[in-house]
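Within every chain, numbering begins at 1; the chains are lettered A, B, ... in the order of the sequence lines, protein sequences first and strands thereafter.
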Amino acid sequence: MSKYDPRAIEKKWQKIWEESGAYKTKADSSKPKYYVLDMFPYPSGAGLHVGHPKGYIASDIYARKRRMEGYAVLHPMGWDAFGLPAENYAIKTGTPPQKTTDESIATFKKQISNLALSYDWEYELATHAPGYYKWTQWLFLKFFERGLVYKKKALVNWDPVDQTVLANEQVLADGTAERSGAKVEKRDLEQWFFKITDYADELIEGLDKVDWPESTKINQRNWIGKSEGAEIEFTIANSDKKIKIFTTRPDTLFGATYMVLAPEHPLLADLSAHAENKADIEKYIQDATKKSDIERNAEEKEKTGVEIKGVKAINPASKEEIPIYVADYVLGGYGTGAIMAVPAHDERDFEFAKKFNLSVKEIELEDPKKITEQVGGKMVTTYRLHDWLISRQRYWGAPIPVVYDPEGKPHAVPEEHLPWLLPTDVEYLPKGTSPLGTSKELLARTEKLFGKGWKPEIDTMDTFVCSSWYYLRFADPHNQEAFASKANLERWLPVDLYVGGAEHTVLHLMYARFFTKALRDMGYLAFDEPFLKLRHQGLILAEDGRKMSKRWNNVINPDDMVERFGADALRLYEMFMGPFEQQIAWNTNGVVGTYRFLERVWDMREKLAENPLMEKLDILLQQTIDKVSSDIEAFKFNTAVSALMILSNHFSELEQVPKSAYVTFLKLLHPFAPHITHELAEQLTLKREEWEVWPVADASKLTTATAKINIYVDGIFRVIAEVDSRTPKEEVIAVAKNAAQRWLAGREIVEHKTVYVPGKVVSFVLYSPSTSILPQP
RNA sequence: GCCGGAGUGGCGGAAUGGCAGACGCGCACGACUCAAAAUCGUGUCUCGCAAGGGGUGAGGGUUCGAGUCCCUCCUCCGGCACCA
């Protein structure tokens, strides 16, 4: 009797699968399609830890089940390859990002291959490949043609030491730059935007159609932040200037006793020119705009502000003159950047009014619509969502395919020049402008194609642009004529199951939905939502309960686990350790548990027999089929594995295991542990069609012939009686009465309160003078 | 502050309103062994010799029956955070 040897088995089968093309995507249009997608990873130099593959294992189990059910399954993997870590590494060492990225991809791919994830590697893609970003740029041009891309000035984080723009992620909570330690400032720069706000309403409504975690839907709705209210103009005394405010409470207009403008408000320069305290105002504005958003939030919520002295606004309802303030508790980026302050009805306004000794006016509420009309305002809808800023003053991204004529007017690079290649002759070290500005080749290329005095755009695109359409490219990743052919898009899209981290509840998932809707409106797609079913995996923490990190020296490498216990035991453990979406600490002893389970499954082949199924075993078998099937669908992998263990434990108790039951068990185990099940199927000389087929439970056998009746007396569970399932009600109650005699003796049953739940419960309620459950007769 | 989610053995966790603690880990004892490991077996919420009682963060409620539903509160985790 040979011992279970995962190393030998797994190596053998991985080789067979690779050579036979076992997981090639079948174009077979006679089969229904199913598209299972993982959020593609950023290939970092550190490699994988055991937490990374958790989602991949789950989606793989799902994909394997679908194949066994007769679907044509698309299950691809790729690389979100552009991004900051590779660039920062280049800055530090001078190694080109192309090189480090390709090395990281090779490492990731090798680690993933050890786990028998059934990807079709012919569908592999990477966003940094010119063959891919050509189409990212092409899509940019389509969005540009349609007016969904525009350029405008925006405030960005500026590092005065490194002389560069920083991403928000590179600014620490105290407002200093992560790299240089300099105090980050805000600068007004020309930036490219995607007009995602055009789709704000549809992005909210579409959420009702998809099977996503409720919390993710709520997060997206909150992020979009739709809010109904009114825009009302306040005139300025002795001036023809007006200030427009947004409010959700026009009914409180009479109570507006002062106004507040955000420090970024465009009218401020004008107003302060007439103010008595011009210098104070300018100083306040300067201090406030210098602070990063993060810093503005990190500060205690103590209100600050300055009055614009000598300038008054007129409340359009009460006609009273009211003071105007600048204060940073009003945000420039929301509504109109100005508010009417109603301290009687708003906590923040009240706090401010208290600090600056402003009057608080109690008022009667008006009808919102009527008062808005009366003062010449209008009802409007405002969103917290802003247009998507996609310019990055960075090297390692897809170049924005735009050139400027000698007058500085932007022009789209014509399609025939795509891919608009990322130059390689650049200085990575930030010098105050985007690294692409240091490329002689890019400038020469631009002048050669467009003429003397033309200049290239030197910003690159946010990497989220690249990942907003990769799920479309997977339908047809090698197409040179289009981002994907119509036929392939129709065949595979939308994604039926999408698995990935909960950290992407807002950005990536919303950008991708925006792309889908915009491309639908351009006629390229025929569906509204890209991801029909979405699930998030929970983090795997280290054994010490902290996040796995080199810093804590607590990282568990999946390669080591595969070496010790095999990929099958690792896969099983990651699914068994707890609810899929929950964050759980790693425990290597748990892998020992699933390894032992597989050992027992292995040893069982020695006691197979062509016996018929006993009724008890048959029922358990059918129940296991039913449970494992529905649990996989519901992403309750932990209880699915548990059900498999229960069946296997039952096999262990038997002298001989009926072969047919064992084969069914192998089918159910197969998506979880593909190597051992293939090996055992081969040893049993099973043909593909005999076992690589998902079993269906025989519903008629799911219920037992005898029912266990729980008997309650006075609300307390007492005893179980077994009866034939078909026994009529009166007879069951009679049996129950008999079984519970001990607790019923000498007491009177309230007959009409005897509860009978078929097949489950008989509950006797007693007359009881002491507790008076019911009124005495 | 607001919006989600969750509190169950020594640990991870299980439980369509119907036997709380499935399954796994750990631990204890036993078998095998010169011995250990591995493996197998038995036990493992708590009080009690037992019959029986108590027990799912706290308190109340609904119900024949509550871990599960409702109310109040506490704690933890995640997200948003002066959004007018």
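In this structure, A/I218 reaches the sugar-phosphate backbone alone: every heavy-atom distance under 4.0 Å involves primed, P, OP1 or OP2 atoms, never a base. If you check every strand for non-hydrogen atoms under 4.0 Å, A/I646 touches sugar and phosphate atoms only. Counting non-hydrogen atoms under 4.0 angstrom, A/G335 reaches nothing in the nucleic acid. Among the heavy atoms of the strands lying under 4.0 Å from A/G593 are primed sugar atoms or P, OP1, OP2 only; no base atom is included. Contact annotation for A/T382: no contact, since no heavy-atom pair falls under 4.0 Å across all strands. Heavy atoms of A/R221 sit nowhere under 4.0 angstrom from any nucleic acid atom. A/E214 comes within contact range of no nucleotide atom at all, as no heavy-atom separation falls under 4.0 Å. Using a 4.0 Å heavy-atom cutoff across all strands shown, A/D349 reaches no nucleic acid atom at all.
For B/C64, its base sits under 3.5 Å from the side chain of A/S763 at one donor and acceptor pair at least.
Rounded to an integer number of Å, the gap from CG of A/L572 to P of B/C25 is 13 Å. With rounding to whole Å, A/I224 atom CD1 is found 19 Å from B/C3 atom P. In this structure, the CD1 atom of A/I584 is 19 Å from the P atom of B/C23, given to the nearest Å. The CG atom of A/N222 sits 13 Å away from the C1' atom of B/G78 (whole-angstrom rounding). Atoms CG (A/L539) and P (B/G78) sit 10 Å apart, rounded to a whole Å. Counting to the nearest Å, the C1' atom of B/A84 and the CG atom of A/L253 are 13 Å from each other. One atom, CD of A/Q583, and another, P of B/G79, lie 10 Å apart when rounded to the nearest Å. Rounded to whole angstrom, the span from the CD1 atom of A/I709 across to the P atom of B/C19 amounts to 13 Å.
Proximity of A/S227 to the phosphate of B/A84: a side-chain N or O atom is located under 4.0 Å from OP1 or OP2. For the OP1/OP2 pair of B/A84 and a distance below 4.0 Å, the side-chain nitrogens and oxygens of A/Y334 include at least one atom meeting the criterion.
Cation-pi geometry between A/R513 and A/W223 is not met: the NZ or CZ atom fails to fall both under 6.0 Å from the ring centre and inside 45° of the normal. Both the sub-6.0 Å distance and the 45° axial angle are not jointly satisfied by A/K303 relative to the ring of A/F352.
Nucleotides B/G41 and B/U46 place their C1' atoms 26 Å apart, quoted to the nearest Å. Across the P atoms, B/G60 and B/U68 are found 14 Å apart, a figure rounded to whole Å. B/A22 and B/G13: their C1' atoms are spaced 10 Å apart (whole Å). With C1' as the reference atom, B/C69 and B/U56 are 16 Å apart, rounded to whole Å. Atom P of B/A20 sits at a distance of 12 Å from the matching atom of B/G54, rounded to the whole Å. The gap from the C1' atom of B/G4 to that of B/A50 amounts to 50 Å, rounded to the nearest Å.
Side-chain proximity of A/Y712 to B/G65, B/A84, B/G13: nearest is B/G65. Nearest to the side-chain atoms of A/F576 among the listed nucleotides B/C19, B/C23, B/G53 stands B/C23. You'll find that the side chain of A/N219 is closest to B/G79, out of B/C19, B/G79, B/A84. Of the candidate nucleotides B/G12, B/G53, B/C82, B/G53 has the atom lying nearest to any side-chain atom of A/R718. Residue A/R596 places its side chain closer to B/U39 than to any other of B/G13, B/U39, B/G4. Minimum atom distance to the side chain of A/R742 is reached by B/A51, of the listed B/G13, B/A51, B/C23. Candidate nucleotides B/A14, B/A84, B/U39 were compared by shortest atom distance to the side chain of A/T639, and B/A14 ranks first. The side chain of A/R384 has B/A81 as its nearest neighbour among B/C19, B/A81, B/G4. The listed nucleotides are B/C25, B/A15, B/G52; the one nearest the side chain of A/K636 is B/A15. Across B/G53, B/C82, B/G4, the shortest atom-to-atom separation from the side chain of A/Y329 is found for B/C82.
A salt bridge between A/R535 and A/D211 is present, with a side-chain N of the basic residue lying under 4.0 Å from a carboxylate O of the acidic one. A salt bridge is absent between A/D603 and A/R596: the closest approach of a Lys/Arg side-chain nitrogen to an acidic carboxylate oxygen does not fall below 4.0 angstrom. Look at A/D251 and A/R249 and you find a salt bridge, because one of the NZ, NE, NH1 or NH2 atoms lies within 4.0 Å of a carboxylate O, short of that distance.
Between A/M645 and A/G578, it is A/G578 whose nearest contact on RNA chain B lies nearer the 5' terminus. Comparing A/F246 and A/K627, the nucleotide of RNA chain B nearest to each residue sits closer to the 5' end for A/K627.
Nucleotide B/A20 forms a pair with no other nucleotide shown, judged by Watson-Crick or G-U wobble geometry with both contacts under 3.5 Å. Checking B/G65 for Watson-Crick or G-U wobble geometry (two distances, each under 3.5 Å) identifies no partner in any strand. Base pairing of B/C80: its partner is B/G1, meeting the Watson-Crick or G-U wobble criterion (both donor-acceptor distances under 3.5 Å). Base-pair partner of B/A28: B/U42 (Watson-Crick or G-U wobble, both distances under 3.5 Å). Pairing for B/A51 is absent, with no Watson-Crick or G-U wobble pair whose two atom distances lie under 3.5 Å. Of all nucleotides present, none satisfies the Watson-Crick or G-U wobble test against B/C34 with each distance under 3.5 Å.
Under the 30°/60° scheme for interplanar angles, the aromatic rings of A/Y511 and A/W388 are found to lie parallel.
Between the side chains of A/D349 and A/Y329, at least one donor-acceptor pair of N or O atoms lies under 3.5 Å.
Under the 6.0 Å cut-off for aromatic ring centres, A/F576 and A/F672 do not qualify, their centroids lying 6.0 Å or more apart.
When atom types are taken as modelled, the side chain of A/T505 and the backbone of A/N219 share no donor-acceptor pair closer than 3.5 angstrom.
Classification of B/G9 as syn follows from a glycosidic angle within 90° of 0.
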